[in-house]
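This report refers to the structure that appears directly beneath it.
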Amino acid sequence: MIIKIIANLACSFIGTIAYAVMFQVPRRFYIGCGITGSVGWMMYKFASVYCSVAAASFIGTVCAVLVARMLTVRLKCPITIFMISGIITLVPGAGIYFTAYYLVTNQFAMAAVKGIGAIKVAFGIVLGIVCIVSVPREVFQKEYWVERKIAKQQKKWKDGSDKSSR
């Protein structure tokens, strides 16, 4: 069991980096791309035990894009560098392939089954991206949380001093 987890982790990490190399991502971002892809894939694998493939794809995408957003803010680069590389492990390539295969071989019922499954996974990926990308960029910056904590403390102090002067 542990060996399977390590193999999945290593393969998704290396596969994501290979995809990043193929699309000429700058070398300094390779590790971040690998981490993003590994997180997405591992969350998909864990979630697929408890829910459907489409829901697991959604969960894996949310986690991958969340990591991509954090790395984007930290490393000051476009999100597409990590996001596209990170979700490549979740793309339903086999489902699309078999849909085309069954269409060519005139097995329309099987083509419909595989095609609908691939579309469900694709929608799960799109919804996962939208959920995280719609969160404002400031939320992923440390300064935002520090300023928010200070404002909360100032408000508490101000409310406390107003009550004591009454």
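What you see below is based on every heavy atom in this structure, not just the backbone, and it leaves out hydrogens, waters and symmetry mates.
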Tested for side-chain hydrogen bond (donor to acceptor under 3.5 Å, both in side chains) against Trp41, the lone hit among Thr16, Asn8, Thr89 is Asn8
For Phe123, the rest of its hydrophobic cluster, which grows through side-chain links under 4.5 angstrom:
Ile119
Running the 4.5 Å side-chain criterion over Ile, Leu, Val, Met, Phe, Trp and Tyr, what cluster does Tyr102 land in, apart from itself?
Tyr97, Phe98, Tyr101, Met110
How close do Ile129 and Met83 get, counting heavy atoms only, and between which atoms?
CG2-SD, 3.8 Å
Does a side-chain heavy-atom distance below 4.5 Å link Val39 with Ser12?
no
Does Ile79 offer a backbone N or O that forms a donor-acceptor pair with the side chain of Arg69 under 3.5 Å?
no
Is it the case that over 12 heavy atoms from other parts of the model lie below 6.0 angstrom from the CD atom of Gln24?
no
When hydrophobic residues are tied together by side-chain contacts of less than 4.5 Å, even through go-betweens, does Ile35 share a cluster with Val21?
yes
Reported CZ-to-SG distance for the pair Phe13 and Cys33, which is rounded to 0.5 angstrom:
9.5 Å
If you define the side chain from C-beta out and look only at heavy atoms, does anything of Ser85 sit under 4.5 Å from Phe23?
no
Distance from Phe29 atom CZ to Thr72 atom OG1, nearest 0.5 Å?
8.5 Å
Shared hydrophobic cluster, Ile96 / Tyr19 (ILVMFWY, side-chain heavy atoms < 4.5 Å):
no
Test side chain to side chain contact (heavy atoms under 4.5 Å, CB included) on Phe58 and Cys131 and set out the steps.
CA-CA 10 Å; Phe58 170 77; Cys131 284; 4.0 Å; yes
If you look at every heavy atom in Gly86 and Thr36, which pair is closest and at what distance?
CA-CG2, 3.6 Å
Test side chain to side chain contact (heavy atoms under 4.5 Å, CB included) on Lys120 and Val53 and set out the steps.
CA-CA 8 Å; Lys120 286 179 185 178; Val53 174; over 6 Å; no
Close side-chain approach of Val65 and Phe82, heavy atoms under 4.5 Å
no
